[in-house]
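Quick notes on the structure that follows.
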Amino acid sequence: MCGIIGYTGPRACKGLILDGLERLEYRGYDSAGIVLLEDGALVRDRTVGKVADLRRLVGDNGSPATLGMGHTRWATHGGVFDRNAHPFLSNDGRIAVLMNGIVENYVDLRAEVVAGGHTLSSDTDTEALVHLLADAYEGDLVEAVRKVYPRLDGHFAFLALARDEPDRIVAARLAWPPLVVGKGDGEMYIASFLPAFLEQTRQVQHVEEGEIVDLRPDGARFWPIAGGPARERAVEEADATIEVAEKGGYETFMLKEIHEQPRAIADTIGERYRDGELHLDGIGLSDAELAEIDRVLIVGCGTALHAGLVGRYLIEEWAGVATEADVASEWRYRKAVFDPRTLVLAISQSGETADTLAAVQLARERGARVVAITNVMGSAVTRVADGVLYTRAGLEISVGSSKCFTAQIALMTLFALRLAQLRWRLEPARIAEIGRELERLPELVQRLLDDAAMHAKVEQLAREFSTHRFFLFLGRHIGLPICQEGALKLKELSYIPTDAYAAGEMKHGPIALLTDETPVVAVATDSHVYEKIVSNLQEVKARGAAVIAVVTEGNTNIHEHAQHVIEVPRTLPELEPILAVIPLQLLAYHIARELGLDIDKPRNLAKTVTVE
Ligand code: AGP
């Protein structure tokens with residue numbers, strides 16, 4: 001969950017590292033730090049706060065350093081204090097280290113280095129590593145890393161510098177924290193994620209799990225930690241451009257990404273639906289195997305899980321396959337029941353979420369087939385699953401997910417349809433009807449995003465309700481996960497407590513929360529449960545609470561039951577959730593904006609959660 005970047009080459013690198021850290025900041029933003037080799041000394045600066053605070057601290061003066069590395073932190077071991085910010089230096093100042101991930105046996109290692117005479121100045125797991133490297137160092141940093149690496153348990157990617165090797169960075173990776181190398185003209189970069197150096201080079205090499213990387217300005221060498229000769233690694237041309245990591249005129253990444261949803265959905269559907277035919281290339285199961293599936297288990301976290309919950313309704317309804325969706329961190333500790341005809345669908349925007357990866361590994365160990373749904377090419381989940389279906393939403397930077405959610409639902413829709421087709425559960429005419437509506441979806445989402453009246457309404461609601469202390473979201477059937485997503489978005493962006501409930505369940509408890517101070521947000525788009533939710537809204541109204549209802553356009557009757565109405569375009573009831581979530585994303589956005597909060601980087605969160 002931290003962001004790391006290193007540079008070695010001929011150029012003064014302080015600015016390059018700070019710029020890279022800004023692009024990595026979505027991964028963690030509790031504190032930031034940098035170390036540069038200046039006049040034969042490793043000079044380190046670090047501070048609690050964001051990269052902008054680090055930039056202020058180190059100033060814009062031209063450092064001559066041509067070797068350096070930086071870190072942006074999401075705290076795991078040790079509170080958010082300067083002393084726990086990376087990089088760490090050995091007591092003799094010869095070695096510097098920074099890390100993304102966790103060293104699980106850090107308690108023993110910290111005790112060992114203290115017993116060995118080192119002084120610890122932080123509460124972190126990483127600091128033990130720098131002292132172990134200092135002890136192992138005999139003039140060759142690769143050799144030192146080789147000796148120390150097997151002593152570390154956990155999952156991590158770290159970078160190390162040695163004062164006496166002025167053009168070398170050594171990196172190592174264990175398990176899923178990612179590392180990518182950038183090859184420039186006589187200079188090399190290494191970072192957690194490509195956008196960190198994309199402005200400088202698009203030539204990349206991927207670091208595999210269990211590798212040590214030796215970077216010098218003229219290239220990188222990749223060594224398996226288990227020993228053996230260096231491995232060849234192709235240099236690939238990244239297809240992303242730096243624009244994907246820019247706000248493109250929007251005030252935040254979140255707003256940009258909300259507005260990118262038509263494209264994200266269109267690209268995700270892309271060629272996968274053509275003239276009644278569905279093509280799920282990469283799924284890793286033959287048509288015959290897919291047709292045999294009689295149970296689907298969906299795992300994910302947060303927003304990804306909500307997309308999975310939408311998928312559950314679609315798979316059951318269209319394909320008639322028993323489907324469950326569960327929080328990855330809980331599911332892995334259940335004694336879930338499998339048989340060879342069970343398919344696990346793991347949904348993760350980043351493909352790095354530790355809980356989801358652990359669930360996938362467990363499912364594989366127990367013999368289940370696993371298909372990953374992710375937005376990040378080559379991410380960790382793609383390496384452990386049998387097959388991969390990519391959402392094609394483009395890089396999502398805002399910590400609050402938006403376009404990946406709707407792209408995930410679009411993909412779940414295609415998957416459910418394909419399963420239905422292979423199991424002969426839907427008539428070809430019905431598949432064609434759904435397919436046509438799917439193809440129209442990007443246009444409908446665009447129409448909604450172009451609707452000035454909708455924006456004005458949401459902004460007015462944000463002004464009216466931003467000081468309220470609690471929001472209840474109510475939905476039924478496929479509208480329920482949309483409410484769960486709306487409630488998550490609002491709490492993570494605005495820090496206002498929210499709850500999302502099945503509307504029919506409200507009377508069994510949450511109704512006690514209702515007063516005339518409780519806004520109730522309801523998803524009440526047209527469906528077979530519309531009348532039911534209207535009855536629930538009557539119960540809300542009778543308690544004096546204000547109702548904000550998201551409905552299908554043309555619904556005139558809802559005004560009797562809701563004080564505030566937001567309309568979304570009409571499509572098939574099964575697809576309407578994709579539209580209904582958009583005003584909820586915007587409501588969360590504008591409430592957070594009214595409150596003056598940092599929308600792209602909400603408190604305590606990180607975009608990729610690589611710890612369990
Ligand atoms: C969404 O807004 C979140 N910040 C969060 O819930 C996220 O969806 C979750 O951490 C899962 O991430 P993943 O999709 O990368 O696995």
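In listed order, ligands and their atoms are each counted from 1. Please read these numbers as outputs of a predicted model, since none were measured by experiment.
- The line from CD of Glu199 to CG of Asp19 is 6.5 Å long, rounded to the nearest 0.5 Å.
- Note that CZ of Arg73 is 12.5 Å distant from CG of Leu98, once rounded to the nearest 0.5 Å.
- The protein non-hydrogen atom at the shortest distance from atom 13 (P) of ligand 1 is Thr353 OG1, 3.2 Å.
- When each of Thr124, Leu152, Asp125, Leu159 is checked for a side-chain contact (heavy atoms from CB on, under 4.5 Å) with Met99, only Asp125 meets the rule.
- The closest protein non-hydrogen atom to atom 3 (C) of ligand 1 is Glu492 OE1, 3.5 Å.
- When only interatomic distances are considered, the shortest N/O to N/O separation between Thr303 and ligand 1 falls below 3.5 Å.
- Between His71 and His86, the two ring planes are parallel [angle under 30°; tilted spans 30° to 60°].
- The closest approach between any non-hydrogen atom of Thr608 and ligand 1 is not below 4.0 Å.
- Considering CD1 of Ile566 and CG of Leu587, their distance stands at 6.5 Å, rounded to 0.5 Å.
- For Arg23 and Phe193, the positive end is not near the middle of the six-membered ring at less than 6.0 Å and at most 45° from its axis.
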Thr374 and Val388: CA distance, side-chain angles, deciding distance, side-chain contact (heavy atoms from CB on, under 4.5 Å) verdict: CA-CA 7 Å; Thr374 182; Val388 185; 4.0 Å; yes

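- Residue contact check: Ser401 has heavy atoms under 4.0 Å from atoms 1 (C), 2 (O) of ligand 1.
- Numbered from 1 in the order shown, with element, the atoms of ligand 1 that lie under 4.0 Å from a heavy atom of Lys489 read 1 (C), 2 (O).
- Every atom of ligand 1 is numbered from 1 in the order shown, and the set under 4.0 Å from a heavy atom of Ala304 is 8 (O), 14 (O).
- Checked by distance only, ligand 1 and Gly302 stay at 3.5 Å or farther apart across all their nitrogen or oxygen atoms.
- Considering only non-hydrogen protein atoms, atom 9 (C) of ligand 1 sits nearest to Cys301 O, 3.6 Å.
- Protein heavy atom nearest atom 15 (O) of ligand 1, with residue, atom name and distance: Ser350 OG, 2.6 Å.
- The shortest N or O to N or O distance between Gln408 and ligand 1 is not below 3.5 Å.
- Heavy-atom neighbours of Arg272 CZ from other residues, nucleotides or ligands within 6.0 Å: above the threshold of 12.
- Atoms CD1 and CD1, on Ile578 and Ile482 in that order, are 8.0 Å from each other to the nearest 0.5 Å.
- The closest protein non-hydrogen atom to atom 10 (O) of ligand 1 is Val609 CG2, 4.0 Å.
- Contacts of Glu352 with ligand 1, taken as heavy-atom pairs under 4.0 Å, are absent altogether.
- Residue Gln349 has at least one N or O atom closer than 3.5 Å to an N or O atom of ligand 1.
- Atom numbering of ligand 1 starts at 1 in the shown order; those under 4.0 Å from a heavy atom of Gly400 are 2 (O).
- The pair Glu324-Arg334 meets the salt-bridge criterion, with a side-chain N (NZ, NE, NH1 or NH2) lying under 4.0 Å from an Asp/Glu carboxylate O.
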